[in-house]
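Written out below as structure tokens is the structure these notes cover.
Only this structure's heavy atoms are used, side chains among them; waters, hydrogens and symmetry mates stay out. Note that this is a predicted model, so its numbers are computed, not measured. One-based numbering along the sequence shown.
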Amino acid sequence: MRRPAPLLVPALAAVLLLSACGSERAGDRNSGPRAAAQPSLIQVSEPAVDGVRIVALAIPSDSPSPTESASHSPSPSPSPSEPSDFRVTPDRLDRPAEPRDLGVHAVYEVTNESSEALTYTIAFAFTNSTGEVMDTRRETVSAVAPGKTVRSQVELGDLAPGASPVTRVKIAGVTKVPAAEAPGGTGDCPASGTRLWADEGDAAMGLRVVGLHVEYCGKGEYTVEGYPLLELLDDDREPVDGVKILKGSKEITTGLGDDEAPRPVTLKSGETAIARLVWRNTTGFGTPVNVPYVRVRAKAGAAPVTVTPRLDLGTTGKLGVTPWQRPG
């Protein structure tokens with residue numbers, strides 16, 4: 001899981017961000033032997049998507065100038081007397097930081113208007129002037145407290161040779177789960193002693209396969225046996241009815257081989273087990289069913305983790321799950 005880097009915004013991006021949001025302002029550093037060239041910026045005023053809004057798109061001055069649009073307009077110049085770079089911590093306090101050169105990047109805010117702490121995963125699409133997507137990025141913002149706003153940034157990185165210059169960025173999708181149920185493959189070991197997450201999956205000819213991974217990071221040993229326990233949830237994280245959860249994959253496909261019989265898998269610290277979600281995106285008569293969230297327990301009594309495989313089940317009404325086994 002990729003987490004956003006600490007926010008180190010170039011001078012002009014900092015000014016735009018803070019002036020656009022009506023909060024503290026940060027300014028320009030143009031002294032010293034390596035005074036960075038000021039980037040071209042586009043101010044973004046598009047509405048938020050599920051609590052996430054893009055504040056600014058910064059483009060290095062050696063890149064082609066972006067095309068202006070109704071929702072993207074140039075920013076004012078900074079005052080030379082203002083402080084330089086800043087970063088924003090989860091409590092949204094501005095702190096001095098060492099300068100860092102960035103390429104094309106967007107500054108964004110996440111506002112949690114719910115009554116519980118949430119972890120957000122945001123998909124960004126960087127596009128050219130005609131709207132063609134040049135590249136995408138995915139960022140995770142962890143444990144945003146109720147009523148709080150967190151500010152961060154996403155960097156585009158290097159484009160393929162010959163790609164058109166990026167002039168816009170948009171939010172392609174947002175998922176949010178209770179912070180206490182957020183998946184995690186990195187970071188400190190949770191109190192449960194286990195980490196659980198879903199991979200990016202594989203799709204071919206309408207067949208979908210997503211792996212569920214559980215890692216033990218505690219002391220001693222941890223045993224899973226049989227099938228992970230699943231709850232299918234809609235966009236509001238409420239239960240989805242009308243989908244049959246099958247033990248095994250043979251009713252979905254024979255392409256994964258014979259279903260293995262469940263057996264105990266005992267993990268030492270650092271070891272993992274894998275189970276798979278298997279379904280087909282086949283649409284016939286009826287209303288297609290989409291399941292954005294799945295709450296998973298590695299076994300009975302285990303702490304729940306909510307993953308976001310976005311099950312596009314079509315009208316099949318079926319989801320297969322394989323038993324836990326060692327990877328490989």
Side-chain angles (χ1 to χ4, degrees), residues 1-2 116-121 138 140 142-143 173-203 208-218 222-249 251-252 256 259-260 262-267 270-279 289-313 316-327:
M1 173 179 302
R2 183 181 177 187
E116 62 179 334
L118 297 175
T119 289
Y120 293 73
T121 300
R138 188 177 300 271
T140 296
S142 299
V174 177
T175 58
K176 47 192 177 184
V177 303
E181 298 182 11
T186 60
D188 295 337
C189 185
S192 65
T194 60
R195 300 187 183 99
L196 194 150
W197 69 96
D199 60 31
E200 293 297 320
D202 187 28
R208 313 283 199 258
V209 181
V210 168
L212 298 176
H213 304 258
V214 62
E215 178 189 9
Y216 184 55
C217 53
Y222 183 80
T223 299
V224 290
E225 182 176 4
Y227 303 86
L229 306 178
L230 309 178
E231 292 179 78
L232 308 186
L233 307 176
D234 63 16
D235 282 316
D236 297 320
R237 299 192 301 279
E238 296 294 332
V240 172
D241 298 323
V243 177
K244 186 177 182 181
I245 298 177
L246 308 170
K247 292 184 176 180
S249 61
E251 291 190 42
I252 308 294
L256 299 181
D259 289 335
E260 294 191 15
R263 65 189 66 184
V265 180
T266 299
L267 305 175
E271 293 182 334
T272 61
I274 185 172
R276 291 176 174 85
L277 305 180
V278 186
W279 73 98
V289 174
N290 294 301
V291 179
Y293 300 98
V294 179
R295 181 176 287 130
V296 183
R297 288 176 172 82
K299 61 181 180 180
V305 173
T306 299
V307 298
T308 56
R310 294 198 171 275
L311 309 177
D312 53 343
L313 300 174
T316 63
K318 296 187 295 185
L319 173 68
V321 57
T322 66
W324 291 115
Q325 58 186 0
R326 293 189 180 277

Distance-minimising heavy-atom pair for [X] and [Y]:
| X | Y | result |
| --- | --- | --- |
| D312 | R208 | OD2-NH2, 2.9 Å |
| P309 | L277 | CG-CD1, 4.4 Å |
| A273 | P327 | CA-CD, 4.3 Å |
| G320 | I252 | N-CG1, 4.1 Å |
| S192 | A303 | CB-CB, 4.4 Å |

At what distance, to the nearest 0.5 angstrom, does [atom1] of [X] lie from [atom2] of [Y]?
| X | Y | atom1 | atom2 | result |
| --- | --- | --- | --- | --- |
| L267 | E215 | CG | CD | 9.0 Å |
| L233 | T308 | CG | OG1 | 11.5 Å |
| K318 | E251 | NZ | CD | 5.5 Å |
| L230 | L311 | CG | CG | 9.0 Å |
| Y120 | T140 | OH | OG1 | 13.0 Å |
| R195 | T272 | CZ | OG1 | 11.5 Å |

Under 3.5 Å, which donor-acceptor pairs do the side chains of residues 237-249 form with other protein atoms, sequence neighbours left out?
{"residue": "R237", "atom": "NH1", "partner": "K176", "partner atom": "O", "Å": "3.1"}
{"residue": "R237", "atom": "NH2", "partner": "E116", "partner atom": "OE2", "Å": "3.3"}
{"residue": "S249", "atom": "OG", "partner": "D259", "partner atom": "OD1", "Å": "3.1"}

Original post:
Can you check whether E260 reaches T322 side chain to side chain, under 4.5 Å on heavy atoms?
Top reply: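 No, side chains not in contact.
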
**OP:** Could you tell me whether the side chain of T316 reaches within less than 4.5 Å of the side chain of W279, counting heavy atoms only?
**Re:**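 They are not in side-chain contact.
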
Got a sec, which residues hit side chain to side chain contact (heavy atoms under 4.5 Å, CB included) with [X], two or more places apart in sequence or on another chain?
| X | result |
| --- | --- |
| A179 | A117, T119, A143 |
| V305 | P183, L196, V307 |
| D199 | V210, H213 |

Subject >> salt bridge (charged side-chain N to carboxylate O under 4.0 Å, His left out) partners of residues 300-311, not counting sequence neighbours, each pair once >> reply: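 Salt bridge (charged side-chain N to carboxylate O under 4.0 Å, His left out) check on residues 300-311 returns no pairs.
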
**OP:** Give every residue pair that meets the salt bridge (charged side-chain N to carboxylate O under 4.0 Å, His left out) criterion with at least one member in residues 223-232, sequence neighbours excluded.
**Re:**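 Salt bridge (charged side-chain N to carboxylate O under 4.0 Å, His left out) check on residues 223-232 returns E231-R295, E231-R297.
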
Non-neighbouring partners of [X] that pass side chain to side chain donor-acceptor pair (under 3.5 Å), sequence neighbours left out:
| X | value |
| --- | --- |
| W324 | none |
| D235 | none |
| T306 | E181 |
| R276 | none |

Subject >> Pairs satisfying ring-ring contact (aromatic ring centres under 6.0 Å, His included), at least one member in residues 222-246, at least two apart >> reply: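 Found Y216-Y222.
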
